[in-house]
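Working notes, structure below.
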Amino acid sequence: MLMQEAIIRAERVEKYYAQPSENRIQVISPTDLSIVPGEIVALLGPSGSGKSTLMRMMTGLSEPSAGQVYWHEKPIAMADVNVSIVFQSFALFPWLTVFENVEAPLKARGMEPADRRKRANKILDTVGLDGFQAAYPKELSGGMRQRVGFARALVVEPEVLFMDEPFSALDVLTAENLRSELLELWQKKTIPTQAIFIVTHNIEEAVLLADRIIVLGRNPGHIRTDFKVSLVHPRDRKASAFTQLVDYIYKVLTQPDAKPPELPQTTTGRPVRDQRQMHYQMLPHARPGGIAGLLEILLDHSGKDDIYRLADDLAFEIDDLLPIVDAAQLLGFLKVNEGDAAITETGTEYANSEILRQKELFRIAAVENVLLLRQIVRAIEAKSDRTVPEEFFHDMLDEQFSEDETIRQLETAINWGRYAELFDFDASRRRFIQTEKLHHETEVETAAEIDA
Ligand code: ADP
Ligand code: MG
């Protein structure tokens, strides 16, 4: 197979920031990454993982602390680079009209006024801004402002179009509309752009648009997976291949320390089997109180809502909401489908119950769905002194998770176990112990459930 020549190629690029002390903050660990003609690449990752930093180095806007970026195999600092960037914040000049904003980059490149006018008007027409030439940005809606952002980026006919969360500041419908228009321009080759690189933390957006998806992990930023998406356009969000891929990426993002799960076979409708059945699930780092809060809000929103909209409504970072959603899903309190979280029957009962009944429902769900909690309960039951050292589980988890993650997993298990009154933890002896029972009925039920 012929290797396609990269337009931009990053070789072992790193970014770190100097500190007053000896230590430096490493933001990106040594990374190789190429952008080749003909592809839309989506870069996904939790916030703070270094997506913007990596993107800026690929554009030549920011110099790597180590390593090198090449533009057509020439060091990028010395090359005649032709890229544009669209920002989430639109970054328009408020004192310039729409037309002047779009014309500005051509002026900066020294193009003659007549040519500038022709090019600017053509692109304004292409992105649906004809008639808005004389308007000022503040007179426009967010969606129209971002159209200006696109027009300004496209007017220079960039070889690579970079976008940093371009749709994140827009409402769902406006974002959907702009996304499909952009895709149409790209597919019909209305724009001469050779490659598109989009930074996003919206999983569905990545799966809707991209030919290739890269997922970054954090501390420091590194590539966790990089794979091609072969679904045909227009992509159907309801197709099983689509939802499988969304689920897969969702898993990769919510299990930052586990090995990425196997990729689904995106071209067939075959359901993916859980290959990790015999292993520990990764417990999302969420508190029972947060899970209860989420379920109550969902119930308020007639039982179903888009996760991203929910995060927005709650002024949550999506990365902070995802573990809570994941935990509720693991416990069977809600189901996620196409980015919508829908509360289940048990979830509804849980949200509607008073505290003791909530604990009971949580206990049943936890023992049923969470291997680690089940094992801790069984181990305590099996011991005559009704205590088990933490170390025992530490060593088993250790096989699968990093040391930090093992500790976090145990912390979460202790938190859930205490809340559900499944067991208690004696921190001075580092041992799991039996819960001191205050409610007699509860004790009987617990024993019955665990036997079952
Ligand atoms: P993302 O776009 O994925 O949210 P960024 O690339 O913006 O992430 O930032 C990655 C990390 O780099 C963050 O933890 C941020 O705090 C850190 N960072 C960015 N700029 C600087 C700087 N000038 N000095 C120190 N740390 C920085
Ligand atoms: Mg960013």
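This one's a predicted model, so the numbers in the text were calculated from it and none came from an experiment. Start at 1 and go down the list; that is how both ligands and their atoms are numbered.
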Check your understanding: Are the charged groups of Glu205 and Arg179 less than 4.0 angstrom apart, N to O?
Key -> yes
Exercise. Show your reasoning for whether side chain to side chain contact (heavy atoms under 4.5 Å, CB included) applies to Glu100 and Phe93.
Key: CA-CA 9 Å; Glu100 289 162 348; Phe93 300 122; over 6 Å; no
With a cut-off of 2.8 Å, strictly less than, protein N/O/S atoms near the Mg ion (ligand 2) add up to 1
- Note: Glu176-Arg237 ion pair, threshold 4.0 Å (strictly below): yes
dist Leu61:CG -> Ile85:CD1 (nearest 0.5 Å) comes out at 4.5 Å
query = Between the side chains of Asn101 and Arg145, is a donor N or O closer than 3.5 angstrom to an acceptor N or O?
reply = no
- How about Leu124 and Phe132: do any of their side-chain heavy atoms sit closer than 4.5 Å? no
Using heavy atoms and a strict 4.0 Å limit, residues surrounding ligand 1 turn out to be Tyr17, Val27, Pro46, Ser47, Gly48, Ser49, Gly50, Lys51, Ser52, Thr53
The single option from Asp313, Asp306, Asp305 that satisfies salt bridge (charged side-chain N to carboxylate O under 4.0 Å, His left out) with Arg309 is Asp305
Fill in: Glu103 with Arg117: basic N within carboxylate O range, under 4.0 Å
no
Output for pair (Tyr350 OH, Gln358 CD), nearest 0.5 Å, gives 4.5 Å
